[in-house]
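Read the structure below first, then the notes.
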Amino acid sequence: MRKFNVAVVGATGAVGNEMIKILEERNFPVAELKLLASERSVGKEMEFRGKQIPVEALDEKSFTGMEIGLFSAGGSISEHFAPIATDAGCVVIDNTSAFRMTPGIPLVVPEVNPDDIKFYKNRGIIANPNCSTIQMVVALKPIHDVAKIKRVVVTTFQAVSGTGKKAVEELSQQIKELLNCQNPTIKVYPHQIAFNCIPQIDIFLSNDYTKEEMKMVGETKKILNDASIAVTATTVRVPVFYSHSESINIETQKKITANEAKEILSKAPGVIVIDNPKESKYPLAIYAAGKDETFVGRIREDESIPNGINIWVVSDNLRKGAALNAVQIAEILIRDYL
Ligand code: NAP
Ligand code: 3JN
């Protein structure tokens with residue numbers, strides 16, 4: 001099998017770290033792996049397939065000879081460097097929001113809209129959705145195919161790792177400080193996150209929704225290729241290290257029973273149903289962490305409307321929500337197009 005030169009942009013970050021692990025775990029055909037981060041990380045080394053690889057500072061020449069670029073160093077870095085990478089002949093799979101809503105740039109979840117990968121030819125860029133959107137659409141798509149979704153009401157419970165490595169450190173530090181009767185150090189979030197829930201993820205927009213909430217609205221419509229689906233979201237940061245959880249209320253055009261929904265979801269790609277209320281079995285963040293699948297449970301009819309289903313969806317935000325989804329896209333790209 002042909003091997004590819006792969007550049008990981010943001011290699012030292014929470015998503016980048018996971019990206020390197022997943023490339024190794026899935027035996028991605030890597031010829032050369034280039035690890036790119038800021039000047040701050042020059043001198044660091046990271047392990048890949050038993051070898052220590054030096055981290056290089058990202059610059060205009062970084063993409064010479066590279067074929068696939070996996071970007072997770074923030075939107076402004078992608079805006080500047082993705083066109084430089086594509087000019088050098090490198091296909092970019094971008095984990096940031098920089099190009100997600102750009103017409104002509106595909107926004108892909110392999111279990112949902114793998115055929116859209118072909119549109120990478122337009123600009124040489126494929127966008128990876130936001131983590132909260134990815135796990136939601138993995139669960140929505142099989143229901144949409146059978147019963148046509150009219151409206152989605154989602155509340156998220158998002159792990160601190162979604163904010164990056166500094167937030168993971170901040171939650172650990174605050175827990176230690178509070179258990180030692182000290183004032184918590186608050187730097188990353190607007191409030192203490194330990195032993196708390198913060199109903200704000202990212203900045204507030206002019207409609208008083210947060211940017212994270214509006215990402216879920218726009219991205220869901222684009223991925224499901226259906227602007228008629230109404231989506232409303234409330235996104236909440238919770239003191240969990242890994243895995244986002246979501247409570248999702250779905251209104252459909254056609255009636256489906258809870259048992260039908262269970263059957264549909266049990267057969268859906270990338271989904272594992274855990275749903276046994278009598279034994280208190282349902283998806284939990286602590287068990288989804290480190291796994292590839294999206295876990296769905298608490299499947300029940302919404303008794304307040306004629307055609308409604310409630311579900312609880314949990315997935316590892318750094319894996320399926322970011323790095324794994326990007327590597328799955330890369331796998332289809334090399335199998336079908338490169
Ligand atoms: P993180 O842990 O803070 O890591 C940030 C990474 O970006 C580090 O490797 C950092 O390098 C690098 N970086 C920062 N400034 C840079 C610069 N000027 N030049 C080159 N590299 C630079 O954050 P993260 O959680 O991994 O997230 C990174 C980005 O991925 C986010 O901003 C977001 O756009 C995206 N993301 C997407 C999802 C998703 O839902 N798909 C989820 C989380 C994050 P140093 O270590 O050298 O500073
Ligand atoms: O907060 C989370 O749980 C997910 C965070 C994602 C994120 C964080 C900073 C910038 C994004 C994203 O992927 O949408 C971005 C961004 O690229 O805008």
Side-chain angles (χ1 to χ4, degrees), residues 14-15 74-75 95-97 100-101 129-140 151-175 177-179 183-221 229-251 282-286 288-289 294-298 300 302 304 308-318 320-322:
V15 177
N95 261 293
T96 80
S97 60
R100 287 182 193 147
M101 298 311 293
N130 178 273
C131 42
S132 305
T133 310
I134 294 178
Q135 68 183 68
M136 179 164 81
V137 295
V138 165
L140 292 184
R151 180 169 188 248
V152 175
V153 182
V154 57
T155 304
T156 68
F157 306 75
Q158 296 183 220
V160 294
S161 54
T163 319
K165 57 189 175 190
K166 287 204 174 85
V168 172
E169 286 156 18
E170 178 148 315
L171 175 58
S172 308
Q173 189 182 353
Q174 287 184 0
I175 292 170
E177 287 167 338
L178 288 159
L179 292 179
N183 287 330
T185 309
I186 299 169
K187 283 195 200 142
V188 175
Y189 297 117
H191 305 279
Q192 170 191 323
I193 182 61
F195 312 111
N196 201 9
C197 297
I198 305 175
Q200 176 187 350
I201 294 186
D202 210 329
I203 53 167
F204 280 102
L205 302 175
S206 58
N207 61 359
D208 286 349
Y209 281 80
T210 64
K211 205 168 169 190
E212 183 83 352
E213 289 160 353
M214 294 317 292
K215 283 174 186 170
M216 293 189 79
V217 174
E219 293 176 20
T220 300
K221 291 169 194 262
I229 301 175
V231 182
T232 186
T234 303
T235 57
V236 183
R237 187 74 63 196
V238 296
V240 165
F241 284 104
Y242 299 101
S243 293
H244 290 353
S245 304
E246 298 178 349
S247 163
I248 310 177
N249 173 259
I250 306 159
E251 187 176 359
Y282 29 70
L284 291 173
I286 52 171
T294 296
F295 297 86
V296 184
R298 300 294 324 277
R300 62 214 189 276
D302 172 355
S304 71
I309 292 286
N310 285 314
I311 57 176
W312 174 252
V313 177
V314 184
S315 196
D316 185 321
N317 55 301
L318 293 181
K320 186 58 192 164

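FYI, the numbering just counts along the sequence from 1. Just so you know, these numbers use all the heavy atoms, side chains as well, and skip hydrogens, waters and symmetry mates. Quick caveat: nothing in here was measured; it's all calculated off a predicted structure.
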Next on the checklist: Quick one about Asn317 and Ser243 (side-chain donor to acceptor, distance below 3.5 Å, no hydrogens or angles considered), yes or no?
Outcome noted: no

Checklist entry - In chain order, what residues pass the side chain to side chain donor-acceptor pair (under 3.5 Å) check against Asn249, with sequence neighbours excluded? => result Asp302, Asn310

Do you know the tightest heavy-atom contact between [X] and [Y]?
X      : Y      : value
Gln192 : Pro184 : OE1-CG, 3.5 Å
Val238 : Cys197 : CG1-SG, 4.0 Å
Ala139 : Ile311 : CB-CD1, 4.0 Å
Lys320 : Val138 : CE-CG2, 4.1 Å

Next on the checklist: Between Glu169 and Val188, is the side chain to side chain contact (heavy atoms under 4.5 Å, CB included) condition met? List the steps.
Outcome noted: CA-CA 10 Å; Glu169 286 156 18; Val188 175; over 6 Å; no

Checklist entry - Does the side chain of Ile229 reach to within under 4.5 Å of the side chain of Val152, using non-hydrogen atoms? => result yes

Checklist entry - Of all residues at least two apart in sequence or in a different chain, which pass the side chain to side chain contact (heavy atoms under 4.5 Å, CB included) check with Phe204? => result Gln200, Thr210

Any donor and acceptor pair, going by atom type alone, linking the side chain of [X] with main-chain N or O of [Y] inside 3.5 Å?
X      : Y      : value
Thr156 : Val236 : yes
His244 : Ala159 : yes
Glu246 : Ile248 : no

Item to check | Verdict with supporting geometry, Ser247 and Phe157, side chain to side chain contact (heavy atoms under 4.5 Å, CB included) | outcome: CA-CA 8 Å; Ser247 163; Phe157 306 75; 4.2 Å; yes

Checklist entry - Between Lys215, Glu219, Arg100, which is the residue that forms a side-chain hydrogen bond (donor to acceptor under 3.5 Å, both in side chains) with Thr133? => result Glu219

Item to check | Interatomic distance, Gln173 atom CD to Thr185 atom OG1 [nearest 0.5 angstrom] | outcome: 4.0 Å

Item to check | Trace of the side chain to side chain contact (heavy atoms under 4.5 Å, CB included) decision for Trp312 with Ser245 | outcome: CA-CA 7 Å; Trp312 174 252; Ser245 304; 3.4 Å; yes

Next on the checklist: side-chain hydrogen bond (donor to acceptor under 3.5 Å, both in side chains), that's the test. Do Ser132 and Gln158 meet it? Break it down for me.
Outcome noted: CA-CA 8 Å; Ser132 305; Gln158 296 183 220; 3.1 Å; yes

